[in-house]
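Let me begin by presenting the structure, written as structure tokens, before commenting on it.
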Amino acid sequence: MPSIASLTAALAFAGAVVANPIELQKRKAFSIHQEERTTFAKNGAQSRVNTLRKFSKPVPANILAAAAAGPTGTAPAVPGDAYDSLYLSPVTIGNTTLQLDFDTGSADLWAFSSLQPSSQLTGHDYYKVDPAKKVAGATWKISYGDGSGAAGTVYADKVVVGGVTATSQAVEAATSVSSSFASDRDTDGLLGLAFSSINTVQPNQAKTWFDTVHSTLAAPVFSVALKYHAAGTYDFGFIDSAKYTGALTYVNVNTANGFWEFTSTGYAVGTGTVVKTSIDAIGDTGTTLLYLPTAVVRAYYAKVTGSSNSATYGGYVFPCTATLPSFTAVIGGVNQVVPGKYINYAPVTDGSSTCFGGIQDNTGIGFSIFGDIFLKSKYVVHELSSTPRLGFAQQ
Ligand SMILES: O=C(c1ccc(-c2ccco2)nc1O)N(Cc1ccccn1)C1CC1
């Protein structure tokens, strides 16, 4: 995991806005090989129905209902460092379990692999490619907003997330990764959860894991509960009403750019009144911070004593002792509040008394990005219905 110092230096170098500066951040005898014929999810409830029936036992209605509904699953989302710079989730690819960064801002499932120089694999779990599973002629290459990136070739293999199996999922094996990924020994790759329309595999675009399995799930949804300095979850195929308070409220998604893109209709700083303004934004679990329009960011830090937009550190900073106002975004007509405490991202360098803001300027990106700083106070339902929607509720 890169130090804050190296990242702030990168930020300073980057000058303007970079996404997710730490995601970088953003992986004898004989045996009979049984090949499963389906390419979609397993159904735990159905297995229980089959077993009960095998022994002529009655099948409880709730199990029968769950079986008919289709599979569901839950994967943990564990902070990759003390500042929630990224979250990692276990994914089994073939016979190896890797720690991947689930990223609703991209659509490639890629992993560190046996195709890389062994020096890049120290400390990593990695995908051991099976030449028999190679997708002939397929390559991939992705560049992220923070300047990081990776490239490689493609294999079709079993991918299990939260107990839900895609038996023949495009797995993008890295042959090379950028320096920030090479130096991050915790992240073994990314699992993209944006729309497959921005997947980078060529000549034939690949599907995301969720795109592969969604039609077999109990419901075509996944729900994200990232947490502040604690492990959260990704729920697949269902909405867990125990994970939020109040009502879920929805906003339609524009999928034209391949993102979970929506419009926020206003904002407020602390206890101030709502300013009505249209903010084009995406939800992005793979981006650490909350990137907003210049005017909004200025209005926010005007209420933070001792804050400044630092060229040295490449963004707004303030005394770590500052009491930060909350930030409210109006989404689907509902005020979604981020507690002020969540907007202190991290000291600019370990031990510093100057802290880097969780809210930063979106200049150079082209839209706002509601990354982890925003998401970690919400339960966010991503619904792949005929008109895709995002649902928000307070955790
Ligand atoms: O990092 C990415 C990002 C993700 C995926 C892709 C991509 C290229 C090709 C397919 O996907 N390109 C990105 O750049 N951010 C955040 C960001 C922050 C700052 C500037 C640009 N972006 C995408 C989600 C918005």
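Position 1 is the first residue of the sequence, and the numbers go up from there. Reckoned from all heavy atoms, side chains included, excluding hydrogens, waters and symmetry mates. Note that the coordinates shown come from a computational prediction; the quantities given were computed from them, not determined experimentally. One-based numbering, in listed order, for ligands and for the atoms of each.
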**Report entry** Polar proximity ligand 1 side, I142 side, N/O cut 3.5 Å exclusive
**Finding:** no
Query raised in the report: Which ligand 1 atoms, with their elements, are less than 4.0 angstrom from a heavy-atom of D284?
Result: 16 (C), 24 (C)
Query - Atoms in ligand 1 with a heavy atom of T200 nearer than 4.0 Å - result: 9 (C), 10 (C)
Query raised in the report: Counting from 1, what ligand 1 atoms have a heavy atom of S143 closer than 4.0 Å?
Result: 6 (C), 8 (C), 12 (N), 13 (C), 14 (O)
Query raised in the report: W209 and F236: aromatic ring centres closer than 6.0 Å?
Result: yes
**Report entry** Nearest candidate to atom 10 (C) of ligand 1, where distance is taken over non-hydrogen atoms, out of I282, I198, L190, L289
**Finding:** I198
Query raised in the report: Does W140 reach the main-chain N or O of T153 with its side chain, forming a donor-acceptor pair under 3.5 Å?
Result: yes
Report task. Might you point out which heavy atoms bring I63 and V49 nearest each other, and give the distance in Å? Result -> CG2-CG2, 3.8 Å
**Report entry** 4.5 Å side-chain heavy-atom contact, Q336 and F374
**Finding:** yes
Query raised in the report: When you measure from the side chain of Y342 to the backbone N and O of G358, does any donor-acceptor pair fall under 3.5 Å?
Result: no
Requested in this report: Sequence neighbours left out, what passes side-chain hydrogen bond (donor to acceptor under 3.5 Å, both in side chains) with T255? Give chain and number order.
Outcome: none
Query raised in the report: Where on D146 is there a heavy atom closer than 4.0 Å to ligand 1, on the side chain, on the backbone, on both, or on neither?
Result: neither
Query raised in the report: Relative to Y126, does K128 satisfy both conditions: NZ or CZ under 6.0 angstrom from the six-membered ring centre, and within 45 degrees of the ring's axis?
Result: yes
Requested in this report: Answer with side chain, backbone, both or neither: which part of I369 has a heavy atom less than 4.0 angstrom from an atom of ligand 1?
Outcome: side chain
Query raised in the report: Does any N or O atom in D108 lie less than 3.5 angstrom from one in ligand 1, N or O only?
Result: no
Query raised in the report: Which ligand 1 atoms does F367 reach within 4.0 Å, using its non-hydrogen atoms?
Result: 25 (C)
Requested in this report: Can you sort out which atoms of ligand 1 are near T287, meaning under 4.0 Å from one of its heavy atoms?
Outcome: 16 (C)
Report task. Applying salt bridge (Lys or Arg N to Asp or Glu O under 4.0 Å), name anything that partners K243, two or more places apart in sequence or on another chain. Result -> D235, D240
Query raised in the report: Counting only heavy atoms, which portion of A107 has something under 4.0 Å from ligand 1: side chain, backbone, both, or neither?
Result: neither
